[in-house]
Amino acid sequence: MIPLIRGVRDIFPPDSDLWRHIKNEAENLFQDFGFSEILIPIMEKTELFKRSIGEQTDIVEKEMYTFADRDGESATLRPEATASIARAYISHKMYAEDPIRKFYTIGPMFRRERPQKGRYRQFYQIDAEIFGQSSPYADARLIIMLKTLMDRLQIKGTTLHINSLGCFKCRPDFNNSFKNFLIKISDNLCQNCQKRANTNPLRVLDCKNKFCAEVTKNAPKISEFLCQECKEHFETVCETLKDTNIEFQINSRLVRGLDYYTKTAFEIQTDALGAQNAIAGGGRYDGLVKLLGGPDTPAVGFAIGFDRLAEIIASNNINYAQKPEIFIAALGKKCIKEAFLWMSALNTAGIKTETEFSEKSLKSLMRRAGKIGASNVIIIGDQELEKKEALFRDMNTKEQIEIKFDNPVKNIMEILSKKINRKKG
RNA sequence: GUGGGUGUAGCUCAGGUGGUAGAGCUCCAGGUUGUGGCCCUGGUGGCCGAGGGUUCAAGUCCCUUCACUCACCCCA
C-alpha cells in the first residue's frame, strides 16, 4: 500500500456529508449577501505570494510549497486565497467595469507546517473578499456575514476578537515607539521575540510566552497612535457591530500573520480545538491591490478554516448523509431486472432510490433497507410479478399497500406526495 | 525545525514476570415456508507499523527506522 503524504487526508462519508452541508450553508448565505463565486488557480507564480503576504512572514519564509516548473519558472501551491483573488481583480481589470466586487471561494490551501490537531498541510478555506469599498460598513457587513454563518452552523462557544492595525500613515509611528519600548525590555523577552523585535515587532504582541505577555503589558498601544481616519473607521465598525447585536471584544494584542493587513483585523476564536484557537480571521487590506500593480483600491476579507469548522460541528454527531426515499427489494433474477428499470425511472424523476442487484433473502434485503435508512420499501417477488402489483411498505408506520405495475413512477409519486401533505396537515 | 505520547482485526481496545493471538462493534449468513431496526447462533477478517538482534521460543526484551498524534512555533 502506498501511504499518504504527510499532512494530507481523504474526506469521505460521513465527514464528506458534513462538509457538503457546511459548503451549502456558506454558499447560500454568501449569495444572499450578494457575493459571487470566483475560482482561482491552485498554483501561482511564487512572486505573487512573496509580494503580498510579505517576505518576512512565516508563511513565505518556511511554509510554502515552492518548486521549479519544467521551464524553470518558480511556482507555488497557494497558501491562502486573498492574493490570487486580488491578482485576478487586477489582471482582468475588473475595476474598469465595476470597481465594487464581492467574491467568495472555497478550496484547498497548502502550507508545510508540522501537522497537529486542526492543522493540516492541505487544508480548506472558505474565503470572502470585498473590493472597492473603503467604508467601515463594508468591514461590519463582512463580520456580520461571518457571524451569521457561525450561527447557522450552530457553532457555539466562540468569541470575536477585533482590533485596528492602523494604516500606512499612522502605523510607522506606533512601530517606532513600540520598537523603542522593546529595546528597553529586550533582556526580558524570549529568544524568539528578541529576533522579532527587529524583523516584525508587531508579532511580539502575539507571543504566548507568559513572561513576554507580562513585560509588554505596559507597552504602547496601537489604539493610542491611530490617526483620525483610522480611529473613526474603527469606532464605526465597533458601533455597527453593537447596533446589530454582535458580541465582540477589542483585543489590542491581535495581530495577523500576513503583512498586507491595515485598519480592521478580526479573528473568531474557540477553545474547542486545543492549541488551534482561530477558526476564522480577516481584516482590511487597503494597500494590497496597489502593491500588486493595480489601482489604489480598498479591500477587506476573511478566511474560515473549513477543517476546523467541520471538526467542531462533527462533535455534535449529527448525520448529514442522504437517505433514500425508496429501496426496492427484488427477489430473484426476473424481479431484479424489473427493479432495476423502476429504480432508473425513479432516479431520473428525481426520487432517491436504491436496490440490490444480487439475489438475497427478503430478510437480508429488508435489513439492508433499514441500514441505509430508506423511508419506504417496494417489494417485488414472483407473486407481484404475476399479479403486476408491487408491495409498497412505509418503514415507519409499517403500512403496506399495493401499487400497479403500469406507470410505477406516477403511482409512486402520488403516494409520496400524499404522505408529504399528510405530514403538513 | 524541537520535544512528549502512541503504534495488535474495518473501528474501539485486551493481551502480569517471553511459549506461536482475543473481546465488543461493524460486515456476512441463519433463527422453518417472502418482511428491517431489538435479541440469539454461527461465520469472514490480523506476516501484532517495518527492519534487525537476543533466545530452543518474542505482540511481549534490546536496537534502528517509519508512521500517526499532541504540544512548541505559526496560523485558518
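All of these numbers come straight from a predicted model, not from anything done at the bench. The sequence lines fix the lettering, A, B, ..., with proteins before strands; numbering per chain opens at 1.
Other residues, nucleotides and ligands contribute at most 12 non-hydrogen atoms within 6.0 Å of the CE atom of Met43(A).
Ion pair Asp394(A)/Lys398(A) not flagged as a salt bridge, since none of the NZ, NE, NH1 or NH2 atoms sits closer than 4.0 Å to an Asp/Glu carboxylate oxygen. A salt bridge links Arg284(A) with Asp286(A): the closest approach of a Lys/Arg side-chain nitrogen to an acidic carboxylate oxygen falls below 4.0 angstrom.
Nucleic acid contact class of Glu63(A) (heavy atoms, under 4.0 Å, all strands): sugar-phosphate only. Within the 4.0 angstrom heavy-atom criterion, base atoms lie near Lys398(A). Gly118(A) comes within contact range of at least one nucleobase, with a heavy-atom separation under 4.0 Å.
For Gln116(A), a side-chain nitrogen or oxygen approaches OP1 or OP2 of rA71(B) to under 4.0 Å. Residue Arg6(A) places at least one side-chain N or O closer than 4.0 Å to OP1 or OP2 of rC68(B). In terms of phosphate contacts, Lys360(A) brings a side-chain nitrogen or oxygen within less than 4.0 Å of OP1 or OP2 of rA29(B).
Each of Gly7(A) and Arg119(A) was matched to the nucleotide of RNA chain B holding its nearest heavy atom; the match closer to the 5' end belongs to Gly7(A). When the nearest nucleotides of RNA chain B are assigned to Thr397(A) and Asp307(A) by heavy-atom distance, the more 5′-ward of the two goes with Thr397(A).
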Which atom pairs link the protein and nucleotides 30-34 of chain B when you take only N or O atoms and keep those under 3.5 Å?
from	atom 1	to	atom 2	distance (Å)
rG30(B)	O6	Arg367(A)	NH2	3.1
rG31(B)	N7	Lys363(A)	NZ	2.7
rG31(B)	O6	Lys363(A)	NZ	3.3
rG31(B)	O6	Arg367(A)	NH2	3.1
rG34(B)	N7	Gln383(A)	NE2	2.7
rG34(B)	O6	Gln383(A)	N	3.2
rG34(B)	O6	Gln383(A)	OE1	2.9
rG34(B)	O6	Gln383(A)	NE2	2.8
rG34(B)	O6	Glu384(A)	OE1	3.4
rG34(B)	N1	Glu384(A)	OE1	2.9
rG34(B)	N1	Glu384(A)	OE2	3.0
rG34(B)	N2	Glu384(A)	OE2	3.2

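Taken to the nearest 0.5 Å, the CZ atom of Arg111(A) stands 10.5 Å off from the CE atom of Met64(A).
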*If pairs are Watson-Crick or G-U with both distances under 3.5 Å, what is the dot-bracket string of RNA chain B, marking crossing pairs with [ ] and pairs to another strand with |?*
(((((((..((((........)))).(((((.......))))).....(((((.......))))))))))))....

*Let me see the working for Trp19(A) and Tyr124(A) under ring-ring contact (aromatic ring centres under 6.0 Å, His included), right down to the final yes or no.*
CA-CA 10 Å; Trp19(A) 280 51; Tyr124(A) 292 74; 5.2 Å; yes

_Run the salt bridge (charged side-chain N to carboxylate O under 4.0 Å, His left out) test on Arg393(A) and Glu399(A) for me, step by step, so that the C-alpha distance in whole Å, both residues' side-chain angles and the decisive distance to 0.1 Å come before the verdict._
CA-CA 6 Å; Arg393(A) 176 184 175 86; Glu399(A) 280 178 292; over 6 Å; no

*Steps toward side-chain hydrogen bond (donor to acceptor under 3.5 Å, both in side chains) verdict (Thr66(A), Thr76(A))*: CA-CA 4 Å; Thr66(A) 297; Thr76(A) 294; 2.8 Å; yes

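The closest side-chain heavy-atom distance from Glu389(A) to Gln383(A) is not below 4.5 Å.
Of the listed nucleotides (rG36(B), rU69(B), rA76(B)), rU69(B) has the atom at the smallest distance from the side chain of Arg114(A).
Taking the ring centre of Tyr120(A) as origin, the terminal cationic atom of Arg9(A) falls inside the region bounded by 6.0 Å and 45° from the ring axis.
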